[in-house]
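Input: a single structure, listed below in structure tokens.
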Amino acid sequence: MADIRDIADKLVSTGELTRDEIVILLENRTPEIRQDLAKKASSVARKYYGNKVYVRGLIEFTNYCKNDCYYCGIRCGNKNAERYRLTPEEISECASYGYGLGFRTIVLQGGEDAFYTDDMMGRIIKTIKAEHPDVAVTLSIGEKSYESYKAFFDAGADRYLLRHETADFGHYAKLHPANLSPANRQNCLYNLKKIGFQTGAGFMVGSPYQTYENIADDLLFLKKLDPEMIGIGPFIPHKDTVFADFKAGELELTLYLLSIIRLMLPTVLLPATTALGTIAPNGRELGILAGANVIMPNLSPLGVRKKYALYDNKICTGEEAAECMECLKRRVGSIGYEIVTDRGDNIKYLTGLTKEGR
Ligand code: 5AD
Ligand code: FES
């Protein structure tokens with residue numbers, strides 16, 4: 001069996017690992033290997049992006065959702081969720097407020113909510129782009145047809161986040177009801193790329209029934225898809241879901257995976273997620289030190305923040321966006337990094353670097 005040290009070295013020098021090698025790297029990790037890979041990963045991030053941390057203003061504009069994912073607090077089956085929708089005017093006001101705070105990427109995230117037709121989304125996107133031409137608009141509104149995605153792109157949307165959730169179809173079936181298809185979800189990701197979106201995929205760490213083999217398949221799927229952005233964060237139970245009694249994903253494994261992902265896809269834009277900040281008070285700082293380079297603070301109006309609860313105890317639901325921005329600048333500064341006012345595009349996307357970014 002290959003030595004874990006050799007596998008770590010191979011990861012650092014080539015960014016390529018086999019499924020078996022990834023499993024060994026996960027199963028036999030030691031504090032030394034974790035620290036070593038975190039150091040290598042953060043220096044790769046610095047090579048491409050310097051000490052910059054990009055911020056994305058997240059507007060959670062609807063918590064209505066037609067889906068019933070077993071892990072998610074806004075699943076349609078959760079009758080305790082207090083539902084809300086922001087009007088197009090509220091959404092564009094929120095975006096302008098974010099612009100004033102320095103955000104140059106606005107993320108519109110919501111449940112899969114048919115109330116917002118393609119036309120409505122198109123108008124919202126066009127309004128934001130007309131008012132702030134230097135802003136990148138990112139959508140995170142789930143699975144749609146090729147035509148809908150194309151319409152959003154033509155309206156001016158730049159990026160799209162759609163986590164694949166798990167690359168293993170058997171595992172996918174344990175996390176979702178039968179009407180949701182992993183093949184369709186992956187097809188959506190390929191469509192987004194084909195249309196020209198900077199595309200983000202990803203998965204939860206420590207989701208119920210997840211194995212190291214599943215994680216290896218997730219990493220290989222990401223390597224094949226070659227997205228511009230990758231979102232990973234720990235699974236955190238929500239009391240009104242099927243998985244209320246499962247334990248949360250581990251901080252240490254999430255950080256280790258951030259480092260491995262940075263080394264496998266050197267130029268990827270990789271957030272230290274809110275979920276990571278929720279399981280540990282300094283989780284987002286540790287994420288950056290492990291190779292992440294993006295933070296996505298909440299821009300949603302204070303009145304609705306607590307209602308967009310995908311999981312329990314979510315942080316920053318009592319803070320105004322301006323307060324979060326100050327807090328983040330301080331936190332990021334304390335570890336030697338700097339929050340920047342910049343669209344923060346993937347460097348490969350801007351310069352046409354090769355797939356591996358080497
Ligand atoms: N814990 C952590 N992450 C979650 N997500 C949904 N529910 C949870 C949870 N309970 C993640 C999913 C989804 C993204 C928007 O949030 O991966 O794609
Ligand atoms: Fe929201 Fe610190 S980032 S309070």
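Start at 1 and go down the list; that is how both ligands and their atoms are numbered. Computed from a predicted structure; not experimentally measured. Note: hydrogens, waters and symmetry copies are ignored here, and every other heavy atom, side chains too, is used.
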**Message:** Within ligand 2, which atoms have a heavy atom of Glu319 less than 4.0 Å away?
**Reply:**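 Within the 4.0 Å cut-off of Glu319, ligand 2 contributes 4 (S).
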**Message:** Within ligand 2, which atoms have a heavy atom of Leu328 less than 4.0 Å away?
**Reply:**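 Counting atoms of ligand 2 from 1, those under 4.0 Å from Leu328 are 3 (S).
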Is the closest N or O pair between [X] and ligand 1 shorter than 3.5 Å?
| X | answer |
| --- | --- |
| Pro237 | no |
| Tyr71 | yes |
| His238 | no |
| Glu165 | yes |

**Prompt:** Between Met325 and ligand 2, which part of the residue brings a heavy atom under 4.0 Å of the ligand: side chain, backbone, both or neither?
**Reply:**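 Neither part.
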Out of [options], whose heavy atom is nearest to [atom]?
| atom | options | value |
| --- | --- | --- |
| atom 9 (C) of ligand 1 | Leu276, Ile236, Ile279, Asp312 | Ile236 |
| atom 3 (S) of ligand 2 | Pro297, Gly277, Ala322, Cys316 | Cys316 |
| atom 2 (Fe) of ligand 2 | Gly318, Cys324, Cys327 | Cys327 |

**Message:** With a 3.5 Å distance limit and no angle check, can you tell me whether Arg75 reaches the backbone of Cys69 through a side-chain donor-acceptor pair?
**Reply:**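 Looks like yes, one N/O pair under 3.5 Å.
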**Centroid separation His238 to Tyr311 less than 6.0 Å** =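 Here the rings of Tyr311 and His238 have centres that are no less than 6.0 Å from each other.
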**Asked** Is the distance between the ring centroids of Phe103 and Tyr97 less than 6.0 Å?
**Response**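 When the ring centroids of Phe103 and Tyr97 are compared, they turn out to be at least 6.0 Å apart.
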Flag for [Y]-[X]: side-chain donor and acceptor within less than 3.5 Å:
| X | Y | value |
| --- | --- | --- |
| Asn187 | Tyr146 | no |
| Thr166 | Asn214 | no |
| Asn293 | Arg262 | yes |

**Request:** Tell me, please: is Pro234 in heavy-atom contact with ligand 1, that is, under 4.0 Å?
**Result:**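 Pro234: in contact with ligand 1 (<4.0 Å).
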Which protein non-hydrogen atom lies closest to [atom], naming both residue and atom, and how far is it?
| atom | value |
| --- | --- |
| atom 16 (O) of ligand 1 | Leu310 CD1, 3.4 Å |
| atom 8 (C) of ligand 1 | Met204 SD, 3.7 Å |
| atom 14 (C) of ligand 1 | Arg163 NH1, 4.1 Å |

**Prompt:** Any idea which atoms of ligand 1 are less than 4.0 Å away from a heavy-atom of Cys72?
**Reply:**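 This gives 7 (N) as the contact atoms.
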**Message:** Quick check on the hydrophobic clustering: are Ile261 and Leu276 connected, directly or via other members, by side-chain heavy-atom contacts under 4.5 Å?
**Reply:**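 Per the 4.5 Å side-chain linkage, Ile261 and Leu276 are co-clustered.
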**Message:** Strictly below 4.0 Å, N to O, side chains only: are Glu143 and Arg185 in salt-bridge contact?
**Reply:**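 Result for this pair is yes, salt bridge flagged.
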**Message:** One thing to verify: whether Glu252 and Arg34 come together as a salt bridge, which I'm taking to mean a side-chain N less than 4.0 angstrom from a carboxylate O.
**Reply:**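 The answer is yes: the pair qualifies as a salt bridge.
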**Request:** Take His171 and Tyr209 through the test side-chain contact (heavy atoms from CB on, under 4.5 Å) and record every step on the way to the result.
**Result:** CA-CA 7 Å; His171 185 220; Tyr209 312 109; 4.0 Å; yes
